[in-house]
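Only a predicted model underlies this, so the values are computations on that prediction, with no experimental measurement involved.
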Amino acid sequence: MNEEHPNISILKRFNPANPNTVAKVLAKDFVWHYINPKLPEMHGDYFGLSGLKDFFKKIGGHTSGSFKVNPISITPMGDEIIITHVKDTMLLDGKQMEIDAIVVWCIIDSKIKEAWDIPVIPTVTFSKR
């Protein structure tokens, strides 16, 4: 029987919709790096719990509250790194879309220290709704 990597257990407790839960797993000096040249107004670094809240508030505003993260896979890489593959869905500029993304998480001393959210822009597909 394989045991779950301890950092996967920590990451599973990360739920940006519940700030109280998020605060328990974030390092005090946490940084969320969002890398997306197609959304320059979102591109950048967000610091601490307040920065993370600001990021999700901004992305929610750009997508009329439709932004949703759908986890596909989660892979530990050594003792500190977790890589997740997600499919983000949203309504952007009146168009329903899906975007593959990876998020690279750095977990140190049982706290999420940094995350790099990297959408794969060429994978953007528009639904025919």
So [Y] and [X], do their side chains get closer than 4.5 Å, heavy atoms only?
X     : Y     : value
Lys87 : Val69 : no
Glu98 : Asp88 : no
Lys53 : Val22 : no
Ile8  : Ile82 : yes
Met97 : Leu92 : yes
Asn7  : Pro76 : no

Consider only side-chain heavy atoms of I, L, V, M, F, W and Y, link residues closer than 4.5 Å, and tell whether [X] and [Y] are in one cluster.
X     : Y     : result
Phe67 : Met42 : yes
Ile74 : Ile10 : yes
Val86 : Phe56 : yes

Apply the hydrophobic cluster definition, ILVMFWY joined by side-chain contacts under 4.5 Å directly or through others, and give me every member besides Leu91.
none

Who else is in the cluster with Ile102 when I, L, V, M, F, W and Y are joined by side-chain contacts under 4.5 Å?
Ile35, Met77, Ile81, Ile83, Val104, Trp116, Ile118

Could you tell me which residues satisfy salt bridge (Lys or Arg N to Asp or Glu O under 4.0 Å) with Glu4, sequence neighbours excluded, listed by chain and number?
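Glu4: salt bridge (Lys or Arg N to Asp or Glu O under 4.0 Å) contacts with Lys12.
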
Asp93 CG: over 12 foreign heavy atoms closer than 6.0 Å
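Check fails, neighbour count at 12 or below.
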
My understanding is that only residues two or more places apart in sequence, or in another chain, count here; which of them pass side-chain contact (heavy atoms from CB on, under 4.5 Å) with Asp54?
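side-chain contact (heavy atoms from CB on, under 4.5 Å) check on Asp54 returns nothing, list empty.
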
For Asn36, check side chain to side chain donor-acceptor pair (under 3.5 Å) against everything at least two apart and list the hits.
Tyr34

Quick one: pull up [atom1] in [X] and [atom2] in [Y] and give me the separation to the nearest 0.5 Å.
X     : Y     : atom1 : atom2 : answer
Glu3  : Ser9  : CD    : OG    : 9.5 Å
Thr89 : Ile99 : OG1   : CD1   : 9.5 Å
Ile59 : Glu41 : CD1   : CD    : 8.5 Å

For the student: nearest non-hydrogen atoms of Ala101 and Pro119, plus distance:
CB-CA, 3.7 Å

So salt bridge (charged side-chain N to carboxylate O under 4.0 Å, His left out) across residues 102-117, not counting sequence neighbours, yields Asp29-Lys113

Examine distances only and state if a side-chain atom of Thr21 and a backbone atom of Arg13 form a donor-acceptor pair shorter than 3.5 Å.
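Such a contact is absent between Thr21 side chain and Arg13 backbone.
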
Any pair with a residue in residues 55-67 that passes side chain to side chain donor-acceptor pair (under 3.5 Å), sequence neighbours left out, goes on the list, sorted by first then second residue, please.
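Side chain to side chain donor-acceptor pair (under 3.5 Å) check on residues 55-67 returns Tyr46-Lys58.
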
Working for side chain to side chain contact (heavy atoms under 4.5 Å, CB included), residues Asp45 and His33
CA-CA 4 Å; Asp45 296 331; His33 306 279; 2.6 Å; yes

Residue pairs meeting ring-ring contact (aromatic ring centres under 6.0 Å, His included), one or both in residues 78-105, sequence neighbours left out, come to Phe14-Trp105, Trp32-Trp105

